[in-house]
Amino acid sequence: MRQAEIKRNTNETKIAINFSLDGEGQSVIDTGVPFMDHMLDLFIKHGLFNGDIKADGDTHIDDHHTTEDIGIVLGQAVKEALGDKKGIRRYGNAFVPMDDALAQVVIDCSNRPHLEFRCELPNEKVGTFDTELVHEFLWKFALESRMNVHVIVHYGKNTHHIIEAVFKALARALDEATSIDPRVKGVPSTKGLLT
């Protein structure tokens with residue numbers, strides 16, 4: 001099983017994630033940030049991963065540290081679950097519509113972390129959640145998973161719909177990129193490694 005269990009404790013947050021790439025879309029999520037609970041549940045479900053994600057952070061201040069640290073730990077869990085990356089497809093691309101919004105996410109499991117974020121969010125908040133934290137989460141996820149992640153929102157008016165489409169597209173692109181292709185011998189790189 002390609003899975004990982006990562007814990008990270010700081011003075012600001014305590015994060016524990018048990019994550020499997022080869023799952024059935026089952027999740028138990030409790031982060032103290034309700035909007036992130038919703039997005040992470042979608043991510044696990046639409047990527048057909050399994051994940052237990054628990055966070056206890058200083059949300060009495062705001063959601064920044066908790067959201068950022070979840071991105072860090074989830075990225076680390078994905079990296080560890082991928083192991084030596086032998087046999088993976090490496091690249092993933094997904095378009096996801098959500099009512100008025102259309103999001104695309106393209107991933108390369110390259111060990112060259114980068115986030116390209118082409119996304120205009122119409123509102124600064126969804127409920128109590130600061131929407132600028134979507135970028136913060138994705139940047140830390142890309143950095144810690146050592147992936148090249150491109151997020152392109154082609155259009156959309158409703159901020160919730162846009163963010164939801166992004167998380168679903170991220171899940172589907174990651175599922176494709178990390179899936180095993182029996183035709184791939186070793187790792188899909190002329191360098192001979194992706195670590």
Side-chain angles (χ1 to χ4, degrees), residues 1-33 36-57 65-92 94 105-115 133-134 136-151 166-182 184 186-189 191-195:
M1 289 291 291
R2 298 183 302 163
Q3 63 184 31
E5 185 172 355
I6 306 285
K7 293 181 180 178
R8 182 175 192 267
N9 295 328
T10 72
N11 290 335
E12 297 167 341
T13 65
K14 292 178 175 58
I15 313 288
I17 294 180
N18 191 326
F19 179 81
S20 174
L21 287 167
D22 305 309
E24 300 171 336
Q26 302 298 315
S27 66
V28 177
I29 298 170
D30 180 12
T31 70
V33 183
M36 280 303 295
D37 287 356
H38 179 39
M39 293 302 109
L40 292 166
D41 184 47
L42 295 170
F43 171 77
I44 298 292
K45 174 66 86 175
H46 289 271
L48 292 173
F49 311 125
N50 283 345
D52 294 343
I53 302 174
K54 171 70 175 161
D56 182 16
H65 295 142
T66 302
T67 302
E68 178 182 31
D69 288 3
I70 292 168
I72 289 170
V73 179
L74 184 59
Q76 291 171 349
V78 169
K79 181 179 183 293
E80 184 173 312
L82 267 172
D84 60 14
K85 303 180 184 176
K86 287 183 179 176
I88 66 167
R89 294 184 186 274
R90 177 177 170 177
Y91 299 101
V105 174
V106 186
I107 288 177
D108 177 10
C109 299
S110 60
N111 200 43
R112 295 169 63 139
H114 179 79
L115 174 65
L133 297 179
V134 173
E136 198 67 32
F137 170 86
L138 291 169
W139 164 230
K140 293 309 187 298
F141 175 80
L143 182 66
E144 296 295 334
S145 64
R146 305 290 299 172
M147 291 185 185
N148 192 313
V149 179
H150 290 242
V151 176
V166 166
F167 272 81
K168 288 177 178 176
L170 177 68
R172 296 180 71 87
L174 183 63
D175 180 46
E176 181 179 332
T178 60
S179 65
I180 301 296
D181 185 334
V184 176
V187 296
S189 171
K191 293 180 177 67
L193 56 86
L194 286 171
T195 57

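Since we're looking at a predicted model, the values are computed, not measured.
In this structure, the side chains of R2 and I180 come closer than 4.5 Å at one or more pairs of heavy atoms. In this structure, the side chains of L40 and L74 come closer than 4.5 Å at one or more pairs of heavy atoms.
For D41, the side chain to side chain donor-acceptor pair (under 3.5 Å) partners at least two apart in sequence or on another chain are S27. Evaluation of the side chain to side chain donor-acceptor pair (under 3.5 Å) rule for R8 yields D69 as partners, not counting sequence neighbours. In this structure, the side-chain contact (heavy atoms from CB on, under 4.5 Å) partners of R146, at least two apart in sequence or on a different chain, are K79, N111, P113. Q3 is linked by a side-chain contact (heavy atoms from CB on, under 4.5 Å) to M1, S20, counting only residues two or more places apart in sequence or in another chain. Partners of E80 under the salt bridge (charged side-chain N to carboxylate O under 4.0 Å, His left out) rule, at least two apart in sequence or in another chain, do not exist in this structure. Taking D56 as the reference, nothing meets the side chain to side chain donor-acceptor pair (under 3.5 Å) condition, with sequence neighbours excluded. Applying the side-chain contact (heavy atoms from CB on, under 4.5 Å) criterion to A77, with sequence neighbours excluded, gives A4, I6, I17, F19. Residues passing the side-chain contact (heavy atoms from CB on, under 4.5 Å) test with V28, sequence neighbours excluded: D52. Every side chain to side chain donor-acceptor pair (under 3.5 Å) that D30 has, sequence neighbours left out, goes to K54. With sequence neighbours left out, R172 forms a salt bridge (charged side-chain N to carboxylate O under 4.0 Å, His left out) with no residue at all. Listed by chain and residue number, nothing satisfies the salt bridge (charged side-chain N to carboxylate O under 4.0 Å, His left out) test with E144 (two or more places apart in sequence, or in another chain).
Between F137 and F167, the gap from one ring centroid to the other is short of 6.0 Å.
Sorted pairs that involve residues 70-91 and meet ring-ring contact (aromatic ring centres under 6.0 Å, His included), not counting sequence neighbours, are lacking altogether.
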